[in-house]
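Data block below; observations after.
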Amino acid sequence: MPNVALVTGASSGVGEALAPLLATRGWMVFGLSRRAVSLPGVTSLQADIGDAAALDRAMTELLGISDGRLDAVLHCAGVGGAGAVESMPAERARRIMDTNFWGSWNLCQATLPALRRSPRGRLLLVSSIAGHMGIPFRSAYCASKAAVIALSDSLRLELRGSTTQVACVSPGDIATNSIATQYRQPAAELDELYRERYRRADDAMAGNVEHGMSAAFVAGEMVKILDKDDLGPHYVIGAPVQKISTLAQRLLPGRAWEWVLSRYYG
Ligand SMILES: NC(=O)c1ccc[n+]([C@@H]2O[C@H](COP(=O)([O-])OP(=O)(O)OC[C@H]3O[C@@H](n4cnc5c(N)ncnc54)[C@H](OP(=O)(O)O)[C@@H]3O)[C@@H](O)[C@H]2O)c1
């Protein structure tokens, strides 16, 4: 019986690259997203991860096919979003939190009972470098990804003494459709105080993503993490400057770090 993996976010970007990659390495792979996926060697499961009941139904389907086995969960599903704290519709911010944080929470609850039965269970939660810091006009996204980091850190400690290992993966910019498909508050809706800096920050973000790492590269790095015998708590995937940024954020005095970020985002 091959090892069984669940890859979320398999209809686009990193998940779409990762699911067939695992299949070529002999895994039985299930790809979950709201849209159906048609990828070589991947069984499609459809669910909104913000909907715990829908996720439970997808898990029942998976376990029916895999004979009750689940050895790895690679949680790539997530959404971004941009706007000003003062005026971004709360409903938009809530949707980001529902998908990124509550989706991760639901996924842990839906998969851990099966994952813990595996002799080598692995759970990789995808956060972001943006989860390590507050980026202007990305507050809801940064907060949701910071929450994923905290969730992962807590869960690791809770699972001590079990055969299940958890790690949080924080990538930098990846050239996927994520910017094109996410909500970005129209600049005209922002107060004049913010408008010009919002435009600059949003352009910088879109440019960084466009020239970011390939989804295939990130998928390859995640497979390397999955293969490790002993998972560390955090893995940052990105250009050296992005890797250093998570360290600098912790080490620099607060105002010095703000100055660095404001130079970067305008
Ligand atoms: N792109 C970047 O620059 C970047 C940087 C750092 C971190 N990340 C993180 O890395 C992960 C992968 O990013 P990506 O750029 O590959 O994303 P992407 O191309 O935008 O794809 C997102 C995936 O998540 C799925 N998804 C979104 N909402 C969902 C929901 N409610 N229920 C189920 N599935 C849902 C989408 O499928 P459906 O729409 O079919 O549901 C899609 O398969 C995300 O967690 C993202 O936040 C991305």
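These values consider heavy atoms only, across backbone and side chains, with no hydrogens, waters or symmetry-generated copies. All of these numbers come straight from a predicted model, not from anything done at the bench. Counting starts at 1 for both ligands and their atoms, following the listed order.
Side-chain atoms of Arg34 do not come within 3.5 Å of backbone N or O of Ser11 as any donor-acceptor pair. No donor-acceptor distance shorter than 3.5 angstrom exists from the side chain of Asp71 to the backbone of Arg122, with no hydrogens or angles considered. The main-chain N or O of Gly232 is found under 3.5 Å from a side-chain atom of Arg156 such that the two form a donor-acceptor pair. With Ser33 contributing its side chain and Gly9 its backbone, the two residues share no donor-acceptor pair below 3.5 Å.
To the nearest 0.5 Å, atoms CG (Leu226) and CZ (Arg120) are separated by 7.0 Å.
Of all protein heavy atoms, the one closest to atom 14 (P) of ligand 1 is Thr176 OG1, 3.6 Å. Here the protein heavy atom with the shortest distance to atom 5 (C) of ligand 1 is Gly172 O, 3.0 Å. Summary of contacts: the protein heavy atom closest to atom 35 (C) of ligand 1 is Ala77 CB, 3.8 Å. Residue, atom and distance of the protein heavy atom nearest to atom 43 (O) of ligand 1 are Ser11 OG, 2.8 Å. Atom 19 (O) of ligand 1 has as its closest protein heavy atom Ser12 OG, 2.6 Å. The protein atom (non-hydrogen) at minimum distance from atom 47 (O) of ligand 1 is Tyr141 OH, 2.9 Å. Nearest to atom 44 (C) of ligand 1 among the protein's heavy atoms is Cys76 O, 3.1 Å. The protein heavy atom nearest to atom 22 (C) of ligand 1 is Gly78 O, 3.6 Å.
Within a 6.0 Å radius of CZ in Arg199, more than 12 heavy atoms belonging to other residues, nucleotides or ligands are found. No more than 12 heavy atoms of other residues, nucleotides or ligands shown are found within 6.0 angstrom of CH2 on Trp105. For Arg195, the CZ atom sits in a packed shell: over 12 heavy atoms of surrounding residues, nucleotides or ligands are nearer than 6.0 Å.
Nearest heavy atoms, Tyr183 versus Pro89: OH-CD, 3.4 Å. When all heavy atoms of Ala147 and Phe101 are compared, the closest pair comes out as CB-CD1, 3.6 Å.
For ligand 1, the polar-atom distance check finds an N/O of Ile49 within less than 3.5 Å of one of the ligand's N/O atoms. Looking at ligand 1, you'll find an N or O of Ile174 within less than 3.5 Å of one of its N or O atoms. Between Asp173 and ligand 1, a contact under 3.5 Å exists for no N or O pair. By the 3.5 Å distance cut-off applied to N or O atoms, Gly9 is counted among the residues near ligand 1.
Residue Val126 approaches ligand 1 through these ligand atoms, each under 4.0 Å from one of its heavy atoms: 9 (C), 10 (O), 11 (C). For ligand 1, the atoms lying closer than 4.0 Å to a non-hydrogen atom of Val209 are 3 (O). Each of the atoms 16 (O) of ligand 1 lies under 4.0 Å from some heavy atom of Val14. Near Ala10, the atoms of ligand 1 lying under 4.0 angstrom from a non-hydrogen atom of the residue are 43 (O). Close approach of ligand 1 to Thr99 is summarised as follows: ligand atoms under 4.0 Å from at least one heavy atom of the residue are 28 (N), 29 (C), 31 (N).
A donor-acceptor contact closer than 3.5 angstrom links the side chains of Asn3 and Arg69. Under the 3.5 Å distance criterion, with hydrogens and angles disregarded, a donor-acceptor pair is assigned to the side chains of Ser104 and His75.
One finds a salt bridge joining Arg94 and Glu91 here, because a Lys/Arg side-chain nitrogen approaches an Asp/Glu carboxylate oxygen to under 4.0 Å.
Residue contacts with ligand 1 include Ala47, since one or more of its heavy atoms lies under 4.0 Å from the ligand. Residue contacts with ligand 1 include Pro171, since one of its heavy atoms falls under 4.0 Å from the ligand.
Remark: among candidates Arg35, His75, Lys145, Arg34, the nearest residue to atom 29 (C) of ligand 1 is Arg34, based on non-hydrogen atoms. Of all the listed residues (Ser128, Ser178, Ser127), Ser127 holds the heavy atom that lies closest to atom 9 (C) of ligand 1.
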